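Inspection log for the structure reproduced underneath, given as C-alpha cells.
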Amino acid sequence: MSTPFGHIILDFDGVLSDSLAVACEELNAISARFYPVIPRAESAEDMTRVYCGPLQTSLRRFGLSDAETKDFFDRHSAAMQARASAIRPFDDVVRVVAELPWQMCSIVTSSYSNAVREILAKSPSYEEGMFRFICGRELKQPKSKKITDILDAVGISSRQALHVGDTVSDLIYSRSVPIPFCAVGWGYHPLPYLRAFGPDFAVASATEFERLVKESVFETATVN
C-alpha cells in the first residue's frame, strides 16, 4: 500500500531543474579564482566528493572556514541566478507536478526564487501559481525551517508530506524535521550513493516518480 502524501515539497536544482552542468562550471570558476583547494567537479560522482554531507559544513574538509563557505555559496548562488537563461527545467518532472491537484506541491531551494520562476517558465507544463510556495535563498533560512513553515501553513503533519531531493544534504535536512524523503536519480548525487544513506523512497526516473506520487495522491482522494 502506498503512503498518502498531503503535500509534496521538492528541491529545485537537480530535481526540477537540469542545472548540474552549469553548477559544475560555476563551482570550478569560483574555486579556481578564490578557493583552489576545492576539487574540480565535472559530474554527479564528483559532486559526492565536493558536497559529501550538509552543505553548510561540507567544505570544512578542504580547510574552508564557515565564513569562507558562506562566501563560496553566496558567489555560487549569484552566478547560478545570472545564468538562469542557460538552464532548462526537467519537463517530464514538471509535467508530473502539473497533473497533480493544484498547489499540492511547493519548492524549497538554495536558489533565488526569481531564477526558479524564470527557469520553470520554459516548460510547457508550467503555470504561474501551480506551486503553493516557492521558498528560495532570499529567505536566508535553512531548508528544514522552510519545510517546517510550509507544513504549518498547509496545516498537515510531516508524516503526511514528502520531501523530494537529489543530495545527501537534502536527506539530512529531511531527517531533522523529520519528514519522509524521496531520493531522485537524475540530480547532483547518483542514486546508488543516495541509497546508501537510507532514503524512505528512491526513484530512478520521472516515470517512477509519477507512479509513486500519483498512486498515493489518488488513493488518498478515493479513501477520503
Side-chain angles (χ1 to χ4, degrees), residues 1-21 23-24 27 41-58 87 89-97 99-100 104-111 116 119-120 131 134-135 142-148 150-151 156-217 219:
M1 178 180 294
S2 59
T3 301
F5 305 129
H7 201 72
I8 299 171
I9 300 171
L10 302 105
D11 185 55
F12 183 66
D13 287 295
V15 175
L16 291 162
S17 168
D18 187 5
S19 59
L20 175 61
C24 287
L27 182 156
E42 307 289 349
S43 66
E45 288 75 15
D46 292 341
M47 285 297 204
T48 67
R49 291 187 284 274
V50 178
Y51 304 135
C52 61
L55 292 184
Q56 290 180 330
T57 60
S58 59
I87 299 171
F90 287 115
D91 290 330
D92 50 354
V93 183
V94 178
R95 177 190 58 77
V96 172
V97 174
E99 292 176 356
L100 293 173
M104 185 180 170
C105 297
S106 294
I107 295 173
V108 163
T109 177
S110 298
S111 296
V116 169
I119 294 166
L120 286 174
F131 291 95
I134 298 179
C135 300
K143 287 184 178 180
S144 54
K145 169 65 172 170
K146 295 174 184 176
I147 291 169
T148 300
I150 289 172
L151 295 176
I156 63 173
S157 74
S158 60
R159 296 186 303 275
Q160 298 171 295
L162 181 70
H163 182 207
V164 183
D166 65 311
T167 68
V168 168
S169 181
D170 293 331
L171 187 152
I172 292 171
Y173 278 121
S174 289
R175 293 288 184 263
S176 69
V177 173
I179 179 175
F181 182 78
C182 176
V184 305
W186 55 85
Y188 283 30
H189 282 170
L191 195 56
Y193 179 75
L194 291 169
R195 282 195 171 113
F197 292 85
D200 301 280
F201 305 93
V203 293
S205 66
T207 300
E208 290 185 11
F209 176 61
E210 180 176 24
R211 187 179 305 118
L212 171 68
V213 297
K214 286 189 175 180
E215 285 180 359
S216 168
V217 170
E219 175 185 287

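Because the structure is a prediction, the values reported are computed rather than measured.
- A heavy-atom distance below 4.5 Å is found between the side chains of Asp11 and Lys143.
- Taking the charged nitrogens against the carboxylate oxygens, Arg95 and Asp92 have no contact shorter than 4.0 Å, which rules out a salt bridge.
- Paired with His163 under the rule side chain to side chain donor-acceptor pair (under 3.5 Å), one option of Ser158, Ser174, Ser144 passes, and it is Ser174.
- One finds the CG atom of Asp170 at 8.5 Å from the CG atom of Leu194 (value rounded to the nearest 0.5 Å).
- Atom OH of Tyr173 and atom OG1 of Thr148 lie 12.0 Å apart (nearest 0.5 Å).
- Contact of the His189 side chain with the Tyr51 side chain is registered, since non-hydrogen atoms from C-beta on lie closer than 4.5 Å.
- Val213 places none of its side-chain heavy atoms less than 4.5 Å from the side chain of Met104.
- Using modelled atom types, one side-chain atom of Asp200 and one backbone atom of Phe181 make a donor-acceptor pair closer than 3.5 Å.
- A distance-only check finds no donor-acceptor pair linking the side chain of Asp166 to the backbone of Val15 [under 3.5 Å].
- The closest side-chain heavy-atom distance from Phe131 to Leu120 is below 4.5 Å.
- Heavy-atom neighbours of Glu42 CD from other residues, nucleotides or ligands within 6.0 Å: above the threshold of 12.
- Between Thr207 and Arg211 there is a side-chain heavy-atom pair separated by less than 4.5 Å.
- Note: Leu27 CG to Asp46 CG = 9.5 Å, rounded to the nearest 0.5 Å.
- Under the 4.5 Å side-chain criterion, counting only non-hydrogen atoms from C-beta, Leu162 is not in contact with Ile179.
- Residues Phe5 and Cys105 fail the side-chain proximity criterion, which asks for heavy atoms closer than 4.5 Å.
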